[in-house]
Amino acid sequence: MARPHPSASLTWATALPALPALPALAVLALLLALAVTSAPARAADSDVAGAMAGMTPSGSSGAVEVMGFQFRPVLHNTEFAPFSDGYVHCSAADQPWFDAALDLPDQVQINSLVLWGAAMGSAVTARLYSFCTTGATGSNPAPVMATLADLTSATNTASFRIEQPVAGNVITDTLRCTYSLRVNLGACSTSQQLGRVRVHYSH
Amino acid sequence: MNLPLQPLTLPPLLLAACLLAGAALAPGVLQADSPDAHNWHLSHDIGMAGHRASSTDLYNSDTSAYYCRHTGEGGTRRTFWPIDVPEGLALGLVSVLGTRHTSSPAPTLRLYRSCAGTAPVWTVNLLATHVVNDTGEFRALIDLGQNMVIGQPGTCTQWLSVQFGTSSQSCGGHRRFGIKSVLAGLRDPDQLFFSNFRDAYATP
């Protein structure tokens, strides 16, 4: 009589002593399952984070806006105060500059710069800057500053909205560049006000 | 063909298949109990991210909180926290964590939305007002309910304003009256089921 192969005679009952190995297999399977099922969830989280950062799907457009109260005075001792509804103005005659960081999405084209405010006596100006390490050389390269847009209001307008296209097909690179706004109120008084600034972009 | 281990390997494989199926179901079960249930997306800001309305407003910071530092008269006592609502999402909730001493005035929270188009003058709408009467560590919830604000970043912007009493009131001393964090609850406005997270936050 041919002796059966040892493993062929292994039945479920006879294999019971091998069951302690099952938890290890189960854990392995569970880990595999979690890895498979959680990967899309992480991707979804990443998508949400992208949306929260203002990223836009291809072919769409968007805007980043900064209200007057979000600007910070360039000089630490600048006296500033609200006028109303998000506006800000300064009261010390020689300190009319305000800066704000601009949280633009990566790889979008900057299309235009819009400025709201009030100017009664002096023009209000706004500039959009980029500070990039692209092309900088040396062991400790300083960021290269570029003025991407520069607009100026009329000198006598109680409330204005001015817009200017950004030339040069500027594509944002948030890995190497930061973007900021500087507004010069021209003078400090309650009639020289910074309202809001908006930057339009497209993907 | 010799498959010597088939009787033994089949049950573990079935078990693994069951575990895979169970694990696939698990995220749905877990999501129902998590703050992110029903596609709520949370956006946090620390207290110190607030913008004081005037240079006359005195403040100090500790562990990222914004504390009103006025012990006497002065200042507007107003601080603003911008709230971004991306395109495709809606603002449904704002939850504010803070602390208030028994001698501090009741702070007033106001949620605003301002929209600007092509006109030089823009609109500002007061969406909600909430007075915090609790003392000690507090959590204040502004629930917009069905009046959620649809994100229009190309036209509109939102902010939370906190009024730390009037200019004649003391804030109550050093680090006794402040905002620790501002959390915005955003969600997909097209989702049908979204009440659980709001209920969870509305219940202290």
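The sequence lines fix the lettering, A, B, ..., with proteins before strands; numbering per chain opens at 1. Note that the structure is predicted; figures quoted are calculated from it, not measured.
- Contacts between Ala119(B) and chain A at a heavy-atom distance below 4.5 Å involve the backbone alone (N, CA, C, O).
- Taking the six-membered ring for Trp and thresholds of 30 and 60 degrees, Phe69(A) and Trp159(B) have ring planes more than 60 degrees apart, a perpendicular arrangement.
- If you take OG1 on Thr123(B) and CG on Asp85(A), they are separated by 9.5 Å, rounding to the nearest 0.5 Å.
- Between the Arg198(A) side chain and the Gly154(B) main chain, a donor and an acceptor come within less than 3.5 Å of each other.
- Arg196(A) touches chain B through backbone and side chain together, each having a heavy atom under 4.5 Å away.
- The number of heavy atoms from other shown groups lying within 6.0 Å of OH (Tyr59(B)) does not exceed 12.
- Listed here is the closest heavy atom pair of Trp116(A) and Ala116(B): CZ2-CB, 3.6 Å.
- Pro82(A) approaches Arg78(B) most closely through the heavy-atom pair CG-NH2, 3.8 Å.
- When each of Gly151(B), Cys115(B), Ser161(B), Gly50(B) is checked for heavy-atom pairs under 4.5 Å with chain A, Cys115(B) comes out on top.
- Taking all atoms of both residues into account, the shortest heavy-atom contact from Thr78(A) to Ser55(B) is O-CB, 3.6 Å.
- With hydrogens and angles disregarded, a donor-acceptor distance shorter than 3.5 Å links the side chain of Ser54(B) to the backbone of Phe80(A).
- Residue Pro82(B) is tested with Met67(A), Glu65(A), Gln70(A) for a side-chain contact (heavy atoms from CB on, under 4.5 Å); the sole match is Gln70(A).
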